[in-house]
Amino acid sequence: MIDGGIYLGRDPTREIGLDDDALIARLDAYGAGRALALSNRAIFYDSRSGNAETLAACTRSGGRFLPVASLNLGGYDCTAGTMAALKAQEFLAVALFPQHQAWTWADASARAALFEAADAGLPVQAGVMSTAELGILARTAEGTGATVMVRWLRGGGYNAVPDYLAIGAGNPHFLFDVGTVSQAGGIELLVERLGAARLFVASNMPASLEGVAWFMLSGARLSDADRALIGGGTLAKALDIDPPKPPCKVHADWENWRTRPKIDTHWHTGTWNIVEPRISFAAMSEDLDRYGYEKVISSSILALNDDLVAGNAETLAFVEHDKRVYGHIVVNPYRIDESLAEIDRYCDHPRFVGLKTIQDFYQDAGPLRLDDPRYWRFFERAAELDFPVMAHLPGMAEAADAHPDVTFVAAHSTWGFRELAKRPNVRFDIATSTALRHQSDIEGLIEAAGAERVMFSCDCQLMSTAWTLGKLASLAIDPAALDLMFTKNALRTYPRLAGGGAA
């Protein structure tokens with residue numbers, strides 16, 4: 001396989017970096033024989049010395065690193081023959097990452113660089129961090145003839161799928177990184193619409209947890225031929241190099257991670273109004289089978305974002321559809337009496353196990369916080385029922401202090417957890433839409449809070465189970481801690497889970 005993008009040296013803005021041997025060891029772990037490589041120094045400091053560093057590292061690697069030059073267009077002279085010179089130095093592509101430099105895709109120099117790269121026969125790896133930026137790139141590249149390899153630099157890219165489709169349909173020279181397409185079925189949809197020959201995977205290591213991209217590819221339901229294209233064939237053709245041999249493989253431990261028994265505290269029914277191919281009850285049950293799930297706790301997006309009563313009824317329908325499914329009762333701080341009635345409606349059902357709210361969805365002179373008094377009556381009922389309360393982070397520390405008899409579950413808590421870790425009645429959920437190391441600091445969370453307070457969670461189907469598994473596989477977590485996280489902590493946090501919940 002060919003990894004579509006790794007970084008050499010250290011990122012001075014995050015103090016993240018791995019030496020060449022460590023990078024190669026991680027490529028080996030995921031079956032990637034080669035990787036497009038570029039120097040952080042070329043991005044953050046000086047293109048000339050950084051590109052020289054890239055060439056030296058690629059030579060030392062014995063062909064494992066494939067050289068990619070990086071240019072800062074703030075210092076680009078389109079009349080100097082720069083792209084032809086890079087091609088002569090045997091760079092296979094040029095990377096343009098305006099987010100770290102003082103220019104934009106709308107600049108005239110960007111269009112000139114794309115024209116010049118096309119004339120030199122040099123593909124352009126184009127870094128983007130938003131769909132708005134992607135749209136500007138597409139307009140800038142129009143008519144240049146450049147082969148553009150879109151590399152998504154944000155931690156997650158579930159919202160990029162519509163723009164990949166819109167741009168890809170009319171721009172055959174565009175290739176797309178699917179390593180951060182997190183939603184279940186997202187990669188398969190792009191293969192169906194654009195073809196695997198337009199798609200590739202970039203791990204972005206070490207800035208990102210490298211296992212995420214490769215596990216998402218492993219988890220996708222694809223033919224061997226399509227998997228091989230995304231795993232390196234697409235890049236080999238674009239770069240005019242030999243295709244990967246042997247055929248695309250999965251991580252040696254993929255099957256162990258996939259089939260390991262799991263309890264997941266964070267699932268949903270309904271839609272976030274994005275491209276979500278696998279949100280039917282049938283598809284979700286198939287994924288429960290595929291990923292070794294013993295139990296999941298689900299809440300309704302409809303209840304969280306619109307209709308409280310209809311949404312909680314939707315959760316009940318999912319609970320009744322699959323015996324592995326348990327429910328969070330959603331409460332709304334603007335509808336206190338109605339929410340209390342919903343608690344009364346479902347609290348005697350053995351497979352409703354807790355309360356759920358997204359407090360910062362609500363607006364009152366700014367986003368609402370969990371310590372808002374409108375939540376207090378819900379917390380009183382939670383304490384009576386021994387129901388944990390899952391919510392976002394704002395105001396949770398204060399709510400936990402004010403209600404020590406309630407167990408709070410901090411959703412998406414792989415950052416901003418340090419103050420919450422001091423509260424003994426808070427538990428932690430690792431479901432996040434980012435694969436960036438500094439935003440998905442699971443090791444730091446375990447160190448701060450203790451492994452016994454951290455639970456496996458994915459936010460399915462917005463994030464495939466493979467997304468979270470790839471993070472864990474990238475880290476050196478003690479096996480005993482994993483045992484706690486995958487099943488035991490959820491059983492301790494949610495008392496009704498341990499009872500089986502037959503209804």
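Residues take their numbers from the sequence shown, with the count starting at 1. No hydrogens, no waters, no symmetry mates; every other heavy atom, side chains included, goes into these values.
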Ignoring hydrogens and geometry, is there a side-chain-to-backbone donor-acceptor pair from T432 to T414 under 3.5 Å? no
Mutual orientation of the aromatic rings belonging to H403 and F379 [parallel < 30°, tilted 30-60°, perpendicular > 60°]: perpendicular
Let's go through D364 and R374 carefully: what are the C-alpha distance in whole Å and the side-chain angles of both, what is the deciding distance for side-chain contact (heavy atoms from CB on, under 4.5 Å) to 0.1 Å, and is it a yes or a no? CA-CA 12 Å; D364 186 359; R374 281 168 282 199; 2.6 Å; yes
Using only atom types and a distance under 3.5 Å, with no angle test, would you say the side chain of D441 pairs donor to acceptor with the backbone of H438? no
Pair F417 and F428, ring centroids less than 6.0 Å apart: no
Ring centroid separation F387 to F378 under 6.0 Å: no
Should E294 and K262 count as an ion pair when the cut-off is N to O under 4.0 Å? no
For the atom pair CG (L469) and OH (Y291), what is the distance rounded to the nearest 0.5 Å? 7.0 Å
Any side-chain donor-acceptor pair under 3.5 Å between D11 and T13? yes
By side chain to side chain donor-acceptor pair (under 3.5 Å) - contacts of R260 (at least two apart): D483
With no hydrogens and no angle check, do the side chains of T465 and Y293 hold a donor and an acceptor under 3.5 Å apart? yes
Check this for me: does any side-chain nitrogen of one of D287 and R278 sit under 4.0 Å from a carboxylate oxygen of the other? yes
Ring centroid separation H328 to Y494 under 6.0 Å: yes
S474 side chain vs G211 backbone, donor-acceptor pair below 3.5 Å: yes
Quick one: are the ring centres of W267 and Y326 less than 6.0 Å apart? no
Are W254 and F215 close enough that their ring centers fall under 6.0 Å? yes
How many angstroms lie between atom NE2 of H412 and atom OG of S433, to the nearest 0.5 angstrom? 8.0 Å
Taking atom types as modelled, is there a side-chain donor on Y375 or T357 under 3.5 Å from an acceptor on the other? yes
For residues F361 and L368, determine if any side-chain heavy atom of one lies less than 4.5 Å from a side-chain heavy atom of the other. no
Criterion side-chain contact (heavy atoms from CB on, under 4.5 Å) on L199 and V191, from CA distance to verdict: CA-CA 8 Å; L199 309 176; V191 169; 3.7 Å; yes
Could you walk me through whether L420 and L393 pass side-chain contact (heavy atoms from CB on, under 4.5 Å), step by step? CA-CA 9 Å; L420 285 171; L393 273 58; 3.7 Å; yes
Determine whether a donor-acceptor pair (N or O, by modelled atom type, separation under 3.5 Å) exists between the side chain of N40 and the backbone of Y7. no
Do D20 and R60 meet the salt-bridge criterion of a basic N to acidic O distance under 4.0 Å? yes
With rounding to the nearest 0.5 angstrom, report the CH2 to CG distance, W152 to D177. 10.0 Å
Counting distance only, does the side-chain N/O of R26 pair as donor-acceptor with the main-chain N or O of E210 below 3.5 Å? no
Is a side-chain donor-acceptor pair under 3.5 Å present for H268 with S299? yes
Does a side chain donor of either S203 or D3 reach within less than 3.5 Å of an acceptor in the other side chain? yes
Give a yes or no answer on whether the side chain of T180 reaches the backbone of G156 with a donor-acceptor pair at less than 3.5 Å. no
Other residues, nucleotides, ligands: >12 heavy atoms within 6.0 Å of Y158 OH: no
Is any side-chain N of the basic residue among K295 and D264 closer than 4.0 Å to the acidic one's carboxylate O? no
Verify the neighbour count for atom CD of Q99: are there more than 12 heavy atoms of other residues, nucleotides or ligands below 6.0 Å? yes
Counting distance only, does the side-chain N/O of R437 pair as donor-acceptor with the main-chain N or O of A207 below 3.5 Å? no
Could you check whether any side-chain N or O of Q183 sits under 3.5 Å from a backbone N or O of V275, counting only pairs where one atom can act as donor and the other as acceptor? yes
Spatial distance of atom OG (S49) from atom OH (Y45) [nearest 0.5 Å]: 6.0 Å
side-chain contact (heavy atoms from CB on, under 4.5 Å) between W467 and M216, intermediate numbers included: CA-CA 6 Å; W467 180 262; M216 287 300 295; 3.8 Å; yes
Looking at L484, is its backbone amide N or carbonyl O close enough to the side chain of R492 to form a donor-acceptor pair, meaning the two atoms are under 3.5 Å apart? no
Under the 3.5 angstrom rule, does the side chain of S413 hit a backbone N or O of D429 as a donor-acceptor pair? yes
Taking side chain to side chain contact (heavy atoms under 4.5 Å, CB included) as the definition, give me every residue that meets it alongside E419, ordered by chain and number, with sequence neighbours left out. K422, R423
Got a sec, which residues hit side chain to side chain donor-acceptor pair (under 3.5 Å) with W272, two or more places apart in sequence or on another chain? none
Enter the distance from L209:CG to N204:CG here, rounded to the nearest 0.5 Å. 11.0 Å
Hey, could you give me the CD/CG distance between E452 and N489, rounded to the nearest 0.5 Å? 7.0 Å
